[in-house]
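Only one structure is covered here, and it is reproduced in the block below.
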Amino acid sequence: MPAFDVILGACVLYAALLFVIAFLAERLSVRGRARWLRGPVVYTLSMSIYCTAWTFYGAVGYAARSGLEFATIYLGPTLVLVGWWTLLRKLVRVGRSQRITSVADLISSRFGKSNLLGGLVTLLAVVATTPYIALQLQSVTLSFAVFSDGPQAPDLNAIALWVAAGLAVFTIVFGTRRLDANERHDGIVAAIAVEAVVKLLALLAVGLFVVFTVAGGPAETFRIIDASPIAEWQVQPGRWVGLTFLAGAAFLCLPRMFQVLVVENSDERHLATASWAFPLYLFAMSLFTLPIAAVGLGRMPEGANPDLFVLTLPLAENQEALALFAFLGGFSSATSMVIVAAIALATMISNHVVMPIWLRSGPPGALVSGDVRHVAIRARRVSIVAILALGYAYYRLSGGGEALAAIGLISFAGIAQILPAMLGGLFWRGATRVGAALGLGLGLLIWGWTLFLPSFATGLPQAVMASGPFGIDLLRPQALFGIGGVDPLLHALIWSLLFNTAGLVIGSLLTFPSPMERLQGAAMVNVFRTKPGARGWQSTHVEAEDLLVMAQRILGPTEAQAVFRSAAIRQGKAGYLPDPDQEFLEGLERELAGSVGGATAHAMLGQITGGGSVSVEELMRVADETAQIMEYSARLEAQSRELARTATQLREANEKLTRLSVQKDAFLSQISHELRTPMTSIRSFSELLRDGAGTLDPENRARFAGIIQDEAERLTRLLDDLLDLSVLESGQVTLRIEEAQLADVLDRAIQACDGGGPVMIERSGRAEMRLRTDPDRLAQVFINLVTNCRKYCRVDTPRLRIVSRLSGDAAEVDFIDNGPGIPATEQQMIFEKFARGGDSRAAGGAGLGLAICREILGRLGGSIAYLPGQGGAAFRVRVPLAQRDVHAAG
Amino acid sequence: MSPLKELPFLERTSYRRRRLGDAARLLPVLGMVLFLLPLMWASDGAGTTARSGLYLFGAWGGLIALSFAISLRLARIVRAEDGTGPEGD
């Protein structure tokens, strides 16, 4: 066995090494060269403070007593981490966006920056953590005792005192050096990461030694376990489920875990790594627990403390170096837990107990003139000393016996009371401050009565335990409401969480939250949807200079000035004093919250700005603005859709105009040609008549005069058409509206065209309909259509079918020929002026016919359209019926 | 024109991202089931500590491996979005 002095020396050396590591890490961090310190690996390792000395040594003891049940303590956190996407990611995002400094700050901030809740959670945390710190001190002293079996037994209490003092110094030096705006402690995190590696390696070394050297291989180990007293697994399903849940809940709510999970987190993405890496760490930590326990039970003498098998097994095999390593692993587990727990608790005490009291009791101008920064740091230092002193006192008073070993789970159950408020706050906007306080209070009360007080030997009198207070049987601590016989831990856990949750739900349902609560609730529950930073301030007439003075006292001059300077630049101002508008006040409050906690920062700003906090009206205005923005964007969207439609129409119109312009140019050259041809022949024939007045025979003279007349008529027709169209278009035409038979008009039109060419006309359908129309104009339309057929239907036996029928309150007449039809590209254009289908030379017209038809029918209240897909060119004419016939048709 | 062309591609990515998120949400449920299964055979006294321990650590290791596979992909997506994207539910 190594000499006690060697152990003591190794211990001191190791502690010194941790100091050096922490110091170097701080220096690197200050120089900005510690990026790896904020990487995912260190983040994962820092979580290892979950594995305290209680788990390092105690897990083996646990396994030796209850078999596999020890694993539940690791399975719970595994589930929480594996499900990081649902819960931890949100927790970390909220923590970062709201600058949360502790679990008490989270609850307080969520429920309207309430000091009451912050204080309540702080109280709970202190009550639940102090025994846990005592447990760490006990484990360190017990492990010392293992090595001090010699004649000169050292004073174990003195060792505990020295350890506590050393931890206090370390924590104060590296935990409260500055009032870090982000509450990150790089030195401490680095030291913890090293300790995490040491304790893992130590446990793995002992485990490998036990399995391969002592037991003789995995198969042999398997056999030893099968033959050990814990071979049969006597599982208690209730405890199995309850403990897994409890461990998961504690993992989230323990102040020290919250500190490393949320507060020290520098990047959300590290969670992705930790989600598998930390379960792997836990897996490795517990892999050899069962073999060590089974082998220890078989090899160690009767009555040996299984809690210390990790140390005593190597010692019994004369592996002194290994035992020393294991001792350092246990020492690491104890110290890292105490350090982080002390920091987390000190932050909570200073932010939620000391600062509010100091703010209230100090003189009104204390914020500007007093030294806030020093008050906060001193409060933390005193808190750290007080917490460790409390832990030591608890250790001394409890006598360090078996009672202390059970405190781990009891402590977990106390901390788990925060869970309903935490989850309710993160996922339910309706959770209110009253509900949270009610739930927490009830949970705390029941936990204290059913679990915490009975855990002391002298906590509750025997009579109370046996028959309840004042003989009220229903309130017996371990059989509430007369339901006894349950495992005490499970009993307390179920009742306390049940009442806790019920209190939260009922309290929240029955009360109305304050505006600040509603703002914070929305900001946290919807943290992924909204930008961080609810509107908590109205613009007030506060002097920016006062704010700067206050901020300097909390953040330190350099940082405060940097914050003000960047805000001024954002506002486009020179100098250090930005306008204290809403945005700036919110940003400043978040900065301050990072140092002194949300509630305190809010109260401080409130004092300076005269309490210009948010009101219901303000809240409604914010909501109103949001609604306006949404409406505005909806309008914009509609407008852009409208614009897109208009653009399409414009594009179509433009294409049409371009085509028309091309056609018009073609028409102009055509019409000048059309006009010039008759003119040329008229001129030349009239010249012939004039020059050859005497020589021409009468026959030729008559022929020439006939040609001149024909050409003149052609000119007249062309000009008539043009005139007709312009009159129709300008609306100056006078129509002679009367009643007429469709059949009569058709007859007239066909007769007029008769003999013009070899077109066979077939008529079918009902034609005896009375129309109210101008028969002459309608006949003109029909003539035009028949003539068109004659002109364009270039087949050997042209045929025109005229089908008339009744359609609603109009007569429909289709003109369908058997020619080639009109190509789709031209169908759109044929009713335009100057348009002419296909080969213009063949037409011999001016391309005005269909345009005139359309104008006429428009005046008559009818319409004309091209009818595609009839095997040839087809036009449908609609003409309104006479009133009498409408009724008859209907 | 080009954003319209890219749209189906983006849709596909965000679809995959959401399903990956679903898998991440379901993983603790799977873990719970795996960790509760031993209760079935342990309650009638059939399971020995050694065998149950073997199962438990096997299930635990499998869960860690699954979590590794899912988190790796999720981290890549979160990195691509730089943590500023809206919540994809």
Side-chain angles (χ1 to χ4, degrees), chain A residues 40 63 67-68 71-72 74-76 78-87 89-90 93 221-228 230-237 240-241 244 248 267-280 282-283 286-287 289-291 293-294 526-530, chain B residues 20-89:
Chain A
L68 267 178
T72 53
Y74 304 101
L75 294 184
T78 298
L79 290 179
V80 170
L81 269 167
V82 159
W84 66 288
W85 191 251
T86 315
L87 180 56
R89 192 170 61 111
K90 190 165 199 180
R93 177 71 69 89
T221 312
F222 199 80
R223 203 189 50 75
I224 291 178
I225 296 174
D226 258 347
S228 69
I230 52 170
E232 198 186 330
W233 187 27
Q234 281 158 343
V235 70
Q236 293 170 272
W240 180 263
V241 177
T244 307
D267 189 335
E268 234 171 80
R269 288 171 295 193
H270 294 347
L271 269 179
T273 308
S275 76
W276 57 268
F278 189 61
L280 192 64
L282 294 177
F283 181 90
S286 49
L287 191 56
T289 305
L290 215 51
N526 301 332
V527 69
F528 289 111
R529 257 181 278 162
T530 49
Chain B
L20 208 58
D22 289 348
R25 284 191 186 89
L26 285 175
L27 208 55
V29 180
L30 173 72
M32 245 178 268
V33 172
L34 286 177
F35 294 159
L36 291 185
L37 270 183
L39 295 183
M40 296 220 319
W41 66 74
S43 51
D44 61 357
T48 67
T49 297
R51 272 173 204 290
S52 303
L54 220 54
Y55 163 80
L56 202 62
F57 278 89
W60 198 348
L63 195 66
I64 291 169
L66 262 179
S67 175
F68 174 73
I70 291 177
S71 296
L72 211 64
R73 287 180 173 79
L74 272 180
R76 209 176 296 146
I77 289 169
V78 173
R79 191 163 300 139
E81 293 177 353
D82 204 18
T84 52
E87 161 74 318
D89 272 307

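All values derive from a computational prediction rather than experimental measurement. Here is how names work: the chains are called A, B, and so on, in the same order as the sequence lines, proteins then strands, and each is numbered from 1.
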Worksheet item: Which value, rounded to the nearest 0.5 Å, describes the distance between F68(B) atom CZ and R73(B) atom CZ?
Response: 9.5 Å
Discussion item. Please evaluate residues L74(B) and W84(A) with respect to the criterion side-chain contact (heavy atoms from CB on, under 4.5 Å), reporting the C-alpha separation (whole Å), side-chain torsions for both, the decisive distance (0.1 Å), and the verdict.
Written reply: CA-CA 11 Å; L74(B) 272 180; W84(A) 66 288; 3.9 Å; yes
Worksheet item: What's the verdict on side-chain contact (heavy atoms from CB on, under 4.5 Å) for W276(A) and I70(B), showing C-alpha distance, side-chain angles and the deciding distance?
Response: CA-CA 9 Å; W276(A) 57 268; I70(B) 291 177; over 6 Å; no
Worksheet item: Does the distance from a Lys or Arg side-chain N to an Asp or Glu carboxylate O, for D22(B) and R25(B), drop under 4.0 Å?
Response: yes
Item to complete: Just do the side-chain hydrogen bond (donor to acceptor under 3.5 Å, both in side chains) check on W60(B) and S286(A) with the steps written out, would you?
Response: CA-CA 11 Å; W60(B) 198 348; S286(A) 49; over 6 Å; no
Part of [X] within contact of chain B (heavy atom distance under 4.5 Å):
{"X": "L280(A)", "value": "both"}
{"X": "L282(A)", "value": "both"}
{"X": "T78(A)", "value": "side chain"}
{"X": "L287(A)", "value": "both"}

Worksheet entry | Pick from V241(A), L75(A), T72(A), I224(A) with the largest number of heavy-atom pairs that fall under 4.5 Å of chain B | L75(A)
Worksheet item: Contact part of L30(B) toward chain A, heavy-atom cut-off under 4.5 Å: side chain, backbone, both or neither?
Response: neither
